Amino acid sequence: MNKTPFVTNAQLKEIVKKYPTPFHLYDEKGIRENAKAVTKAFAWNKGYKEYFAVKANANPFLMSILKEYGIGADCSSLTELMLSNAVGITGENIMFSSNDTPLEEFVLANKLGAIINLDDFTHIAILEKTLGKLPKTLSLRYNPGGVYKLSNGIMDNPGDSKYGMTKKQLFEGYKILREKGVERFGIHAFLVSNTVTNDYYPELARTLFDLIVELKNETGISISFVNLSGGVGVPYRPEDTANDIAVIGAGVKKAFEEVLVPNGLGDVAIYTEMGRFMMAPYGCLVTKAIHEKHIYKEYIGVDACAANLMRPAIYGAYHHITVSGKENEPHDHIYDVVGSLCENCDKFAVDRALPRIDMGDLLIIHDSGAHGYAMGYNYNGRLRSAEVLLKEDGSTALIRRAETPKDYFATFDCFDSFKLDGNYPTEKQSV
Ligand SMILES: *Cc1c(COP(=O)(O)O)cnc(C)c1O
């Protein structure tokens with residue numbers, strides 16, 4: 001696959017006149033087309049709903065775009081709940097899939113009418129104690145343990161993961177919920193992350209469908225919704241093949257018709273909580289080459305750093321880089337593309353073949369739309385960047401301003417003698 005940026009060099013040159021680099025840029029057209037494709041792929045299921053995983057990109061403007069397609073919000077913290085509610089995603093349009101949950105977050109989720117998805121068996125009693133009474137609808141998170149393999153070999157190790165409950169706890173849990181007056185039950189599982197295959201959701205669906213048939217036969221309890229959670233991946237590398245959400249939807253339908261329909265469970269609603277798939281390809285980090293360094297290796301220093309996009313530094317994750325305007329030039333230079341943190345892992349690319357980079361060149365770091373800005377942090381006193389939306393008509397909108405030093409120092413209000421004397425820049429200036 002050829003990874004072509006969604007923004008041209010001519011467009012970018014105009015955009016950087018208005019917004020200094022670095023910034024995350026989002027592709028409204030791509031977000032909308034994908035949201036439509038997702039809802040279409042599961043339209044066969046009456047109750048289908050995607051709950052966008054807010055942790056992937058907690059920007060209210062982007063969440064509002066998704067909301068237009070009936071997409072809700074999957075939250076796992078107090079502020080994510082507040083954010084969803086603030087953008088008008090309310091009630092059962094919020095899925096609260098948290099873990100190790102502070103109790104006040106259960107209280108807020110319940111107050112907002114969100115669907116609560118319990119990560120652990122012990123949380124049933126805790127929730128009842130916290131709320132006084134369990135909500136009418138509750139979901140439980142399943143962890144099958146062991147190793148989860150797909151036919152193409154992609155796997156993860158649920159047995160080592162902190163999430164969810166065992167099968168025994170799950171079945172026991174539903175029985176307790178029924179005794180305590182819960183009327184509508186859901187099941188949730190998230191077993192493998194960033195799967196670049198169309199098989200993950202269909203195989204997970206089949207696993208969960210078999211399980212809920214077994215539950216029904218054993219206990220008489222009917223599950224109302226199956227939440228396939230996240231894990232649908234995107235092609236970060238040019239040689240990856242993109243998932244086809246229509247094929248994925250059809251695969252889930254096949255399992256549904258083969259397992260649930262014959263067992264009288266044809267009314268089950270399918271929910272998803274995709275984050276990466278909804279947003280990653282439709283964002284990029286735009287940064288400028290500001291230094292070149294020739295030592296034992298060739299380095300290009302850019303004005304973004306791991307504080308803006310952490311995945312390469314923490315997971316060694318690959319993010320494709322395009323030198324804007326040099327798309328068709330030979331990739332005959334080998335560079336490490338680095339940020340300014342005093343951490344040697346702050347490298348966006350290692351030994352990457354790229355066209356010759358000149359100072360001032362604009363680099364597009366692809367697929368930063370999910371787990372990009374959202375994972376940002378302030379290490380080394382680095383400030384979070386702006387977020388800019390490239391609209392369908394080619395114009396741009398600032399959807400989050402860049403942090404200023406004032407934001408960085410704002411939490412020192414407890415320190416009486418702390419003063420900024422006014423000689424500091426209040427926002428990023430072009431030099
Ligand atoms: C992270 C997460 C998601 C989203 O995962 P993606 O891989 O980004 O789709 C969904 N649900 C839960 C509970 C998560 O923790």
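Counting starts at 1 for both ligands and their atoms, in listed order. Since we're looking at a predicted model, the values are computed, not measured.
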Notebook entry, point to check: What is the nearest protein non-hydrogen atom to atom 2 (C) of ligand 1, stated with its residue, atom name and distance?
Noted result: Lys55 NZ, 2.5 Å

Check: Of all residues at least two apart in sequence or in a different chain, which pass the side chain to side chain contact (heavy atoms under 4.5 Å, CB included) check with Ser161?
Finding: Asn143, Tyr163

Checklist line | Parallel, tilted or perpendicular: ring planes of Phe23 versus Tyr19, cut at 30 and 60 degrees | finding: perpendicular

Margin query: Assess whether a salt bridge exists between Arg384 and Asp407, defined as any Lys/Arg side-chain N lying under 4.0 Å from an Asp/Glu carboxylate O.
Written below: no

Notebook entry, point to check: Is Ser193 in polar range of ligand 1, meaning some N or O pair under 3.5 Å apart?
Noted result: no

Item checked: Tyr236/His320 aromatic ring centres below 6.0 Å -> no

Notebook entry, point to check: Are Ser97 and Glu273 close enough that a side-chain donor and a side-chain acceptor fall under 3.5 Å?
Noted result: yes

Notebook entry, point to check: In terms of residue, atom name and distance, what is the protein heavy atom nearest to atom 7 (O) of ligand 1?
Noted result: Gly231 N, 3.2 Å

Notebook entry, point to check: Tyr271 pairs by ring pair (Phe, Tyr, Trp, His ring centres under 6.0 Å) with which of Tyr48, Tyr201, Tyr51?
Noted result: Tyr51

Notebook entry, point to check: Of all the non-hydrogen atoms in the protein, which one sits nearest to atom 5 (O) of ligand 1, and at what distance?
Noted result: Phe190 CE1, 3.5 Å

Checklist line | Glu14 and Lys18 ion-paired at < 4.0 Å | finding: no

Check: Counting N and O atoms only, with roles assigned by atom type, does the side chain of Thr287 sit under 3.5 Å from a partner on the main chain of Asp303, one being a donor and the other an acceptor?
Finding: yes

Next item on the list: For His371, counting its heavy atoms only, list the atoms of ligand 1 lying under 4.0 Å from any of them.
Entry: 8 (O)

Notebook entry, point to check: Do any nitrogen or oxygen atoms of Ser97 lie less than 3.5 angstrom from nitrogen or oxygen atoms of ligand 1?
Noted result: no

Notebook entry, point to check: Without hydrogens or angle criteria, can the side chains of Lys216 and Asn263 be said to hold a donor-acceptor pair below 3.5 Å?
Noted result: no

Next item on the list: Go through ligand 1 atom by atom and flag the ones less than 4.0 Å from a non-hydrogen atom of Arg141.
Entry: 13 (C)

Next item on the list: Could you list which atoms of ligand 1 come closer than 4.0 Å to a heavy atom of Met274?
Entry: 9 (O)

Notebook entry, point to check: For ligand 1, which atoms sit closer than 4.0 Å to a heavy atom of Gly275?
Noted result: 4 (C), 6 (P), 8 (O), 9 (O)

Note to self: Which residue and atom name correspond to the protein heavy atom nearest atom 8 (O) of ligand 1, and how close is it?
What the structure shows: Arg276 N, 2.8 Å

Note to self: Tell me whether Glu273 has any N or O atom under 3.5 angstrom from an N or O of ligand 1.
What the structure shows: yes

Note to self: So if I count the atoms of ligand 1 from 1 in the order they appear, which ones are less than 4.0 Å from some heavy atom of Ala53?
What the structure shows: 3 (C), 4 (C), 10 (C)

Checklist line | Geometric N/O contact Asp74 with ligand 1, under 3.5 angstrom | finding: yes

Next item on the list: Apply side chain to side chain contact (heavy atoms under 4.5 Å, CB included) to Thr8 and list each qualifying residue two or more places apart in sequence or on a separate chain.
Entry: Ala10, Gln11

Margin query: Below the 3.5 angstrom mark, is there an N/O of Gly230, backbone or side chain, next to an N/O of ligand 1?
Written below: no

Next item on the list: Number the atoms of ligand 1 from 1 as they appear, then name those within less than 4.0 Å of a heavy atom of Ser229, with their elements.
Entry: 10 (C), 11 (N), 12 (C)

